[in-house]
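Report on the following structure.
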Amino acid sequence: MYNFDQHINRENTNSVKYDLRAKLFKKEDVIPMWVADMDFQTPEFIREAIRKEAEKDVFGYTFRSQSFNESIVNWLLKRHAWSVESQHISFTPGVVPGLALLVNAFTSPGDKIIIQPPVYHPFFASILDHGRQLVSNALKFENNRYTMDFSLLKSQIDQRTKMIVISNPHNPVGRVWSKEELLELSEICLKNDILMVSDEIHSDLIFRPHQHCPLATVSEAASQQCITLMAPSKTFNLAGLSSSFLIIENEKLLHRYNEILEAYHLSLGNIFGNVALETAYNEGEAWLEQLLTYLKNNIEWVRQFLVEEMPQVKLVEPEGTYLLWLDFSALNYSDQALNHFIIHQAGLGLNQGKGFGKEGSGFMRMNIACSLSVVKKAMHQLKDAIGQKKEAS
Ligand SMILES: Cc1ncc(COP(=O)(O)O)c(C=O)c1O
């Protein structure tokens, strides 16, 4: 059994999550439950593989061997019943850099690219920073559940619309898109010649009975017009190691992507990241199963606590990811006042909902990939703060 209760001190390690608190929250002792990495120890079998690699005498230019791709092929087959061919795998140091490369490879300045807010904030920048037009196909929110708005999507498409970027599963709202939803989306995109980019970085973090469906698998035609971005970084806590990958089954698209990867000289990657990815996928299943059980338990604890102790705050039921999307609108705060309250009264460092687009107004995103004792402490601090607010009003 792996121990997910163990406390790992991440302070003074240049950790974004911990050591940027003073700068970002103006309060250095908030409980950090924001940026998407986990407080759990990266599994020992991966740390051991990195240590072994570190014993080499030379760290010169190194290419990825065939076994790197094989570890991905086997993982995708085992975990997602997706049979991909080794030659359809390409590389990117990170998923967000990969997205920026795709925007540059397959669209031109002024082209329109669709996203579905509230959504992972770098999607906005990956489009706007490269001079493309952003089209917001906001998700629908009904009965505390998010769905894709297909009629809005159809009404927004025109000649300049070239690409859609989806988060599958969706950060921050926690939806695991169903095959039916993805099929409907793909049919609209196929009809209108829109390239589909599916960011599936959270796809290993799915709570049963939900199941990840890679967008590229919904039909043969979709597989030829879809590019998938994936990584072991969220799953195994490896975000600092910069090793991610793409699946591109259309040979022409693959060739074009590889050209741009070479043009920026990004294809070699980092030897430690490459060793970590391979080891994670070859040896990580048992660890991942235990992680999922632990995360699910944290979520269940939060859900029950909210219902019993803090019904004003509503949880949007997460089907995947360790990021909780919490609806604070019943507290009737402006976004600025809510943020101030969360930091200074509750002592928590969360992501503001509106950082994911204006549709996130009134929400906060909470990362519960930490020990249950920290989750409990955070929720009690929140409850006390809300209690004090009530007394004062
Ligand atoms: C949907 C999504 N894509 C990409 C990333 C980050 O990818 P990378 O660190 O590989 O650039 C995150 C991190 O939170 C994410 O949630």
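Just follow the structure's listing: the first ligand is 1, and inside any ligand the first atom is 1. Note that the numbering runs from 1 along the sequence shown for the chain. Only a predicted model underlies this, so the values are computations on that prediction, with no experimental measurement involved.
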Side chains of [X] and [Y] in contact at under 4.5 Å (non-hydrogen atoms):
{"X": "Thr42", "Y": "Phe236", "answer": "no"}
{"X": "Arg256", "Y": "Asn250", "answer": "no"}
{"X": "Phe45", "Y": "Asn282", "answer": "no"}

Specify the protein heavy atom at minimum distance from [atom]: its residue, its atom name, and the distance to 0.1 Å.
{"atom": "atom 5 (C) of ligand 1", "value": "Tyr120 OH, 3.2 Å"}
{"atom": "atom 13 (C) of ligand 1", "value": "Lys234 NZ, 2.7 Å"}
{"atom": "atom 1 (C) of ligand 1", "value": "Asp199 OD2, 3.3 Å"}

* Asked: Does an N or O anywhere in Val95 fall below 3.5 Å from an N or O of ligand 1?
  ->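 Between Val95 and ligand 1, an N or O pair is found under 3.5 Å apart.
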* Return a yes/no value for Ser233: is any of its N or O atoms, backbone included, closer than 3.5 angstrom to an N or O of ligand 1? =>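 There is no such contact.
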* **Within 6.0 Å of CD in Gln6, more than 12 heavy atoms from elsewhere** =>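 Buried by this count: over 12 neighbours within 6.0 Å.
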For ligand 1, which atoms, with element, lie under 4.0 Å from some heavy atom of [X]?
{"X": "Ile201", "result": "1 (C), 2 (C), 3 (N), 4 (C), 5 (C), 6 (C), 7 (O), 10 (O), 15 (C)"}
{"X": "Ala36", "result": "14 (O)"}
{"X": "His202", "result": "1 (C), 15 (C), 16 (O)"}
{"X": "Ser167", "result": "1 (C)"}
{"X": "Gly94", "result": "10 (O), 11 (O)"}

* ligand 1 contact by Pro97, heavy-atom criterion under 4.0 angstrom ->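 It does; at least one heavy atom falls under 4.0 Å.
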* Is the closest heavy atom of Ala231 to ligand 1 under 4.0 Å? ->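 The answer is no: ligand 1 sits nowhere under 4.0 Å from a heavy atom of Ala231.
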* Find out if a path of hydrophobic residues (ILVMFWY) with successive side-chain heavy-atom gaps under 4.5 Å connects Leu77 to Leu215. =>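 Different clusters: Leu77 never reaches Leu215 through Ile, Leu, Val, Met, Phe, Trp or Tyr contacts under 4.5 Å.
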Any carboxylate oxygen within less than 4.0 angstrom of a Lys/Arg side-chain nitrogen, looking at [X] and [Y]?
{"X": "Asp29", "Y": "Lys27", "value": "yes"}
{"X": "Arg51", "Y": "Glu44", "value": "yes"}
{"X": "Asp39", "Y": "Arg10", "value": "yes"}
{"X": "Glu11", "Y": "Arg21", "value": "yes"}

* Determine, considering heavy atoms only, which of Val96, Asn168, Asn171 sits nearest to atom 16 (O) of ligand 1. =>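 The residue whose heavy atom sits nearest atom 16 (O) of ligand 1 is Asn171.
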